[in-house]
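As structure tokens, the structure follows; a few thoughts come after it.
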Protein chains: 2
Amino acid sequence: MNLKELSALLGLSQTTVSRALNGYPEVSEATRRRVMQVADEHNYRPNTRAKALATGRAMAIGHVIPLSTQHEMMNPIFGDFIAGAGESYSQAGYDMVLSLVADEDQSRAYHEMFAKRNVDGIVLHAPKMQDSRITMLQEIGLPFAVHGRATDITTPYSWLDVNNTSAFRRATDFLLDLGHRHICLVNGQESMDFAFRRREGYAAALQARDIAPDPALMFAGEMTEVYGYDTVRRTQSLETPPTAYLVSSIIAAFGVRRAIEELGLVMGRDVSVITHDDDLSYLRNGAEVPVFTSTRSSVRVAGRRLAKLLISQIEEPCASPLTELLEAELTVGRSTGPAPHRT
Amino acid sequence: MNLKELSALLGLSQTTVSRALNGYPEVSEATRRRVMQVADEHNYRPNTRAKALATGRAMAIGHVIPLSTQHEMMNPIFGDFIAGAGESYSQAGYDMVLSLVADEDQSRAYHEMFAKRNVDGIVLHAPKMQDSRITMLQEIGLPFAVHGRATDITTPYSWLDVNNTSAFRRATDFLLDLGHRHICLVNGQESMDFAFRRREGYAAALQARDIAPDPALMFAGEMTEVYGYDTVRRTQSLETPPTAYLVSSIIAAFGVRRAIEELGLVMGRDVSVITHDDDLSYLRNGAEVPVFTSTRSSVRVAGRRLAKLLISQIEEPCASPLTELLEAELTVGRSTGPAPHRT
DNA sequence: CAACACATTTAAAGCGCTTTGGAGGCAAAA
DNA sequence: TTTTGCCTCCAAAGCGCTTTAAATGTGTTG
């Protein structure tokens, strides 16, 4: 069923039917109702491609996901982010198109998305500190919004980020207040902007109490279970092992816990752990009482909001860039306790 | 840059330019080269929307992801599947469009995808045993392929599946060979087709050795870490606790391991564990030596192959449905060993 | 040299929609 | 009665591409 057939059926012109369906005022309420009803009966939906061609709006938003080295796609937080964004999109009538590309093809992918004009905007994932993609998109002139920020980019752009610095500063303070003095940072890869900011927060808290950050206690790597496990095994054999771990991801935190338990230590008594918790739907941090004390910020909510932000950006093209900074909340679980006295 | 401008630039008609770019034979090699070059210089890409409208092919494939109850999207395997599918899509020049919808809107979503004509085909995720979506899509007449199967649907359709039955039968046999007689099945939700098939395999292996499957040792649920943990805690306090666990997901297996270690038992000595391993890129089963003995089958490869299968289905519409059954491989790790003698 | 086949190229229609610029009808105002 | 304005509705152009049918040139043959 297309518009032509539908309007023939109704004995009206295509113009009128189109207007009736799109809520234009030049149609009497009576005919509008009639049109609506018949359209509904025949389950009519305008052909997206034709509509997009006519309006110049694709009603779709692109996500370019680098496949290979960065492992972004496989990043377990991605699913939840997409789920959140998808909610906003379907609410606003947008489709989501994913383009999975090898790292080296990324630049081409963005240009192509623009030239092919099958999206109205793009979400940028996992920004690095100086991310060339941002300036590229600015030059191209395709609306975009970044999940995170790129510290070294000074020109304004739209973004949504968690306040990583304050979250990790607060978590570190919490541990310091509990008497911990040897706090190990189990961070993500430092080329990532969020990891940099977390380290800043961690270092700032220490320095505020005149503690020099110890490089031997600061780790950066891909946030896997094994990474968390290995880091604990390695650090617990130091001369003065850390009494607390500040972890960047709940997956790594699982590894941290495993190593702690394997060493015969009790988490929350012998060793304290705080993790950042993206509130992933399939990796819940305990049921009623959270297992881990954590800085929590739902990545799903982030997806939802960033999508909205981008949509309003698209629909109001002249407006200046929009930004949103989410504060993580510190949730106390059973993984933290006062620093044990050294024997 | 659009076709009109490009052909004006070249001093050729749109027809010729279009043909040159699309590899039609009615164009001299000389002009083709010239066209190609100028198009390249100006970074020309045909407008997808216009092309789709003219050809009737959207060059896009849809994935409808139910959001709420089923938690399919958040399912951690989803990311890897999508990554695999994405590889095949971009290779073949297709886009991937995701539609995240609430469970109750699913039927509407499929009809809409068809009516809006913005995809050429659909991938169906997480089929249940009698899945109404399959018959619905057959009626609609939109090409589709299923990741998994629906036991109760008898009409032919395209699918790709892991041989869940044989995988779990083989794993159970392996445990039986090691002398285990009380094997606990930690399965996924039994409305899911794959879970049903796995139980079938498990039961068949037991029955082949005249062991009656014990309902007290068969669990079904959402495959979270906590679910695995709880199941072990619960079963280890039985009168005759199981000496082995057969687990449906590596995430649940992490919980199984945690509970085992917490009980002071040693995995592979006191209790054996086999898990199904989807070979997720961010949850590797150990480095050199796998931690878990597992039935392994890469869900990413599955995505890649299913996408190809669907594409050939789309491009050869009259052909009969295609199917592919992947065999999981049994990888022996350190989580299994001979059944301990009862004290 | 005319006639033909063949290789290139083109004009124009059409894909299904939106939207501009009118047209027709009718009631109120002149 | 004519004019004006408003309310409905419509014909047709146009979005950027493909594709059919036809036109143009070029070389070959009788």
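Letters A, B, ... mirror the listed sequences (proteins, then strands); counts begin at 1. None of the values given here were measured: they were computed from a predicted structure.
For C/dC15, neither phosphate oxygen OP1 nor OP2 lies less than 4.0 angstrom from any side-chain nitrogen or oxygen of A/Asn2. Neither OP1 nor OP2 of D/dC7 sits under 4.0 Å from any side-chain N or O of A/Ser28. Between B/Lys4 and D/dC17 there is no side-chain N or O to OP1 or OP2 distance below 4.0 Å. Checking the phosphate oxygens (OP1, OP2) of C/dG16, no side-chain nitrogen or oxygen of A/Tyr44 falls inside 4.0 Å. For the OP1/OP2 pair of D/dC9 and a distance below 4.0 Å, the side-chain nitrogens and oxygens of A/Thr16 include no atom meeting the criterion. One finds no side-chain N or O of B/Asn47 lying less than 4.0 angstrom from the OP1 or OP2 phosphate oxygen of D/dC15.
Judged by distance alone, the side chains of A/Gln91 and A/Glu87 never bring a donor and an acceptor atom under 3.5 Å apart.
In this structure, the CG atom of A/Leu21 is 8 Å from the P atom of C/dT18, given to the nearest Å. Rounding to whole angstrom units, CZ of residue B/Arg49 and P of C/dG14 are separated by 24 Å. Note: CD (A/Glu5) to P (C/dG16) measures 8 Å, nearest angstrom. Atom CG in B/Asn22 sits about 13 Å away from atom P in D/dT20, given to the nearest Å. Regarding A/Tyr24, its OH atom lies at a distance of 18 Å from the C1' atom of D/dC7, rounded to whole Å. Atom CG of A/Leu12 is separated from atom P of C/dG24 by 18 Å (rounded to the nearest Å). One can place CG of A/Leu3 at 13 Å from C1' of C/dC15, the figure rounded to the nearest angstrom. Taking atom CG on A/Leu53 and atom P on D/dG16, their separation rounds to 7 Å, with Å as the unit.
Each of D/dG16, C/dT10, D/dC10 was ranked by its minimum atom distance to the side chain of B/Arg19; first place goes to C/dT10. Minimum atom distance to the side chain of A/Ser18 is reached by C/dT18, of the listed C/dT18, C/dT9, D/dT20. Distances from the side chain of A/Ala50 to the nucleotides D/dC17, C/dT19, C/dG16 place C/dG16 closest. The side chain of A/Ala54 has C/dT18 as its nearest neighbour among C/dT18, D/dT18, C/dT9. Checking C/dT18, D/dA11, C/dT9 against every side-chain atom of B/Glu26, the shortest atom distance belongs to C/dT9.
With hydrogens and angles ignored, the 3.5 Å screen pairs no side-chain donor or acceptor of A/Tyr110 with any backbone N or O of A/Ile122. A/Arg34 places a side-chain N or O within 3.5 Å of a backbone atom of A/Leu10 that can act as its donor or acceptor partner.
Side-chain to base pairing of B/Arg32 with C/dT8: no donor and acceptor N or O lie closer than 3.5 Å to each other. In terms of polar N and O atoms assigned as donor or acceptor, the side chain of A/Thr15 comes within less than 3.5 Å of the base of C/dT19 in a complementary pairing.
Screening A/Val146, A/Asp120, A/Leu322, A/Val123 for a side-chain contact (heavy atoms from CB on, under 4.5 Å) involving A/Leu310 leaves a single residue, A/Val123.
With pairs defined as Watson-Crick or G-U wobble and both atom distances under 3.5 Å, the stems of at least three pairs that touch DNA chain C come out as C:1-30 with D:1-30.
Heavy-atom minimum distance, B/Ala83 versus A/Leu100: CA-CD1, 3.7 Å.
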Can you check side-chain hydrogen bond (donor to acceptor under 3.5 Å, both in side chains) on B/Tyr24 and B/Arg32, steps first, answer last? CA-CA 10 Å; B/Tyr24 282 71; B/Arg32 162 160 302 143; over 6 Å; no
Could you please spell out the steps behind the salt bridge (charged side-chain N to carboxylate O under 4.0 Å, His left out) verdict for A/Arg149 and A/Asp193? CA-CA 7 Å; A/Arg149 278 174 286 176; A/Asp193 197 78; 5.4 Å; no
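Heavy-atom distances to DNA chain C give each of B/Val27 and A/Gln14 a nearest nucleotide, and the one nearer the 5′ end belongs to B/Val27.
Qualifying salt bridge (Lys or Arg N to Asp or Glu O under 4.0 Å) partners for A/Arg33, counting only residues two or more places apart in sequence or in other chains: none.
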